[in-house]
Student: 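Structure in structure tokens, see below.
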Protein chains: 2
Amino acid sequence: MNFISRDTDYAVRALMFMAKGEKGEIITVDEIVRREKLPERFLRRILQKLAKNDILVSYKGKDGGFSLSKDADRIRITDIINIFQGHVDFAKCLLKGRKCPNTNSCSFRKKLKDIGAYVNKELGKITIGSL
Amino acid sequence: MNFISRDTDYAVRALMFMAKGEKGEIITVDEIVRREKLPERFLRRILQKLAKNDILVSYKGKDGGFSLSKDADRIRITDIINIFQGHVDFAKCLLKGRKCPNTNSCSFRKKLKDIGAYVNKELGKITIGSL
DNA sequence: ATAAATGATACTATATTAGTATTATTAAGG
DNA sequence: CCTTAATAATACTAATATAGTATCATTTAT
Ligand code: FES
Ligand code: FES
């Protein structure tokens with residue numbers, strides 16, 4: 001069981017590569033593909049999603065590409081995880097349709113919540129710039 | 001994205017229920033199903049797996065059922081997670097076939113590893129008995 | 001106009017998760 | 001020894017999530 005999904009991982013790697021360039025530099029998908037050996041079309045979609053979520057700025061047309069929308073130190077790993085994997089829920093009642101016999105008092109869920117809070121806090125400290 | 005899968009959750013709930021009884025008490029699947037409202041056949045398979053992994057002892061035949069194989073305080077949540085979800089990997093290189101450009105030096109992976117270690121340590125402290 | 005880039009969206013393939021069904025085996029008790 | 005009440009083993013199916021591909025539209029510098 002992996003904690004980090006493929007698209008999160010690819011996104012982080014692409015961002016790390018982009019962060020090496022000058023601030024605001026425009027980089028094309030092809031360039032990233034060449035350097036990081038990622039599947040092109042898949043990566044395109046990933047970068048598009050990052051642009052939609054204000055991590056990247058996209059420039060269409062000739063000489064276009066993507067640039068970081070903010071300083072690499074302000075892009076947190078949790079932002080990326082949230083975009084691609086949604087909120088990481090450490091403690092959700094899994095009894096969907098049926099009635100959960102002990103929703104509010106469940107001590108298991110309570111403990112997991114504490115651990116989840118810690119993980120989110122620590123992951124929030126990691127930024128693209130810090131890598 | 002959920003950290004805990006359905007079968008882990010069901011297993012924990014079943015074990016918590018069983019831990020309420022006397023030490024070594026034999027309990028049938030039907031009894032757990034009645035009390036915890038879990039899908040019977042699915043739960044059967046889950047308990048079988050727990051038995052195979054020495055969490056439960058199974059008694060076949062009439063008056064049979066399952067009992068805890070050890071004190072509830074010695075059954076850790078991590079044991080259950082490992083059985084049903086495998087080792088939780090916080091930091092694995094996701095570039096399978098292709099060559100990873102930076103396997104040994106990847107700082108992202110290194111940081112995730114630390115967090116994973118913490119989570120496993122904390123989860124290891126939680127036992128069925130403590131819930 | 002053309003070429004070189006992204007945008008949007010739909011499609012497909014594979015893996016994982018969740019659950020069901022079937023048949024065999026075991027052991028207690030009359 | 002037969003019946004009954006339990007688990008064991010295994011195969012099957014359905015739903016969902018993940019990973020990746022394909023197609024066509026739009027934009028912009030020259
Ligand atoms: S079971 Fe629904 S909350 Fe613990
Ligand atoms: S990318 Fe393979 S290890 Fe960081």
Side-chain angles (χ1 to χ4, degrees), chain A residues 1-11 13-14 18 25-34 37-67 69 81 83-89 92 94-98, chain B residues 1-11 13-14 18 25-34 37-67 69 81 83-89 92 94-98:
Chain A
M1 185 236 183
N2 288 327
F3 182 69
I4 299 291
S5 75
R6 207 62 76 91
D7 29 24
T8 299
D9 192 71
Y10 287 177
R13 295 240 289 280
M18 293 181 76
E25 184 182 359
I26 295 176
I27 298 170
T28 67
V29 176
D30 284 333
E31 213 173 327
I32 302 174
V33 166
R34 270 197 304 280
K37 311 266 187 269
L38 304 174
E40 186 222 330
R41 291 172 192 271
F42 193 34
L43 183 63
R44 288 205 116 81
R45 267 207 337 199
I46 288 171
L47 296 191
Q48 280 172 23
K49 213 168 176 183
L50 288 173
K52 263 195 184 158
N53 285 276
D54 295 318
I55 304 293
L56 297 178
V57 179
S58 80
Y59 300 90
K60 291 172 92 169
K62 190 161 181 169
D63 295 349
F66 293 93
S67 72
S69 77
I81 293 178
I83 289 169
F84 293 103
Q85 310 187 54
H87 170 67
V88 177
D89 206 336
K92 170 171 112 184
L94 291 171
L95 267 190
K96 288 194 281 197
R98 327 153 207 260
Chain B
M1 186 237 184
N2 289 326
F3 182 70
I4 299 290
S5 75
R6 207 63 76 91
D7 28 24
T8 299
D9 192 71
Y10 288 176
R13 295 240 290 279
M18 292 180 77
E25 184 182 359
I26 295 176
I27 298 171
T28 67
V29 177
D30 285 332
E31 212 172 328
I32 302 174
V33 166
R34 270 198 303 280
K37 312 265 187 271
L38 303 174
E40 187 222 328
R41 292 175 190 267
F42 193 34
L43 183 62
R44 290 204 115 82
R45 268 207 336 199
I46 288 172
L47 297 191
Q48 280 171 22
K49 213 168 176 183
L50 288 173
K52 264 194 184 158
N53 285 276
D54 293 320
I55 305 293
L56 297 178
V57 179
S58 80
Y59 301 90
K60 291 172 91 168
K62 190 162 180 163
D63 295 347
F66 293 92
S67 73
S69 76
I81 292 178
I83 290 169
F84 293 103
Q85 310 187 53
H87 170 66
V88 177
D89 205 337
K92 171 171 112 185
L94 292 170
L95 268 190
K96 289 194 279 197
R98 326 154 208 261

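Numbered from 1 within each chain, the chains take letters A, B, ... in sequence-line order.
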Student: Can you tell me which nucleotide in D:dT10, C:dA18, D:dG20 comes closest to the side chain of A:Arg6?
Tutor: D:dG20
Student: Starting at CD1 of A:Ile26 and ending at P of C:dT6, how long is that distance when rounded to a whole Å?
Tutor: 10 Å
Student: Given side chains that start at C-beta, do those of A:Asp7 and A:Lys49 come closer than 4.5 Å, heavy atoms only?
Tutor: no
Student: Which listed nucleotide (C:dG19, D:dA8, D:dA9) is nearest to the side chain of B:Ser58?
Tutor: D:dA8
Student: Mind checking whether A:Leu47 and A:Ile32 have side chains closer than 4.5 Å, heavy atoms only?
Tutor: yes
Student: If you check the B:Ser5 side chain, which of C:dT6, C:dA18, D:dA9 turns out closest?
Tutor: C:dA18
Student: Does the side chain of A:Leu50 reach to within under 4.5 Å of the side chain of A:Phe84, using non-hydrogen atoms?
Tutor: yes
Student: Give the rounded distance in Å between these two atoms: CD of A:Gln48 and P of D:dA25.
Tutor: 16 Å
Student: Any base atoms under 4.0 Å from A:Lys49, or only sugar-phosphate, or nothing? Heavy atoms, all strands.
Tutor: nothing
Student: Taking all atoms of both residues into account, what is the closest heavy-atom pair of B:Glu25 and B:Ser67, and its distance?
Tutor: O-CB, 3.3 Å
Student: Minimum heavy-atom separation for A:Leu38 to A:Leu43, with atom names?
Tutor: CD1-CD1, 4.0 Å
Student: Between the axis at one end of the helix from C:dA1-D:dT30 to C:dG30-D:dC1 and the axis at the other (five pairs apiece), what's the angle to 10 degrees?
Tutor: 0°
Student: Atom CD1 of A:Ile26 and atom CG of A:Leu56: how far apart are they, to the nearest 0.5 Å?
Tutor: 11.5 Å
Student: Rounded to whole angstrom units, what separation is found between the CG atom of A:Leu56 and the C1' atom of C:dG7?
Tutor: 14 Å
Student: Output the rounded distance in Å from CD (B:Gln85) to C1' (C:dA18).
Tutor: 13 Å
Student: Whether the side chain of B:Ser69 engages the backbone of B:Ile55 through a donor-acceptor N/O pair (distance < 3.5 Å, no angle test) should be reported.
Tutor: yes
Student: Quickly work out the A:Ile27 CD1 to C:dA5 C1' distance and round it to whole Å.
Tutor: 14 Å
Student: Using a strict 4.0 Å threshold on nitrogen-to-oxygen distance, state whether A:Arg34 and A:Asp30 make a salt bridge.
Tutor: no
Student: Can you build the contact string for nucleotides 20-29 of chain C? Use B for base contact, S for sugar-phosphate-only contact, and - for no protein heavy atom under 4.0 Å.
Tutor: BBB--BBBSS
Student: At under 4.0 Å, does any side-chain N or O of B:Tyr10 touch on OP1 or OP2 of C:dA18?
Tutor: no
Student: What's the NZ-P distance between A:Lys52 and C:dT6, to the nearest Å?
Tutor: 16 Å
Student: Could you tell me the separation between the CG atom of B:Asp30 and the P atom of D:dA5, rounded to a whole number of Å?
Tutor: 11 Å
Student: How many Å lie between CZ on A:Arg44 and P on D:dT21, as a whole number?
Tutor: 13 Å
Student: Looking at side-chain heavy atoms only, is the closest gap between A:Met1 and B:Ile81 below 4.5 Å?
Tutor: no
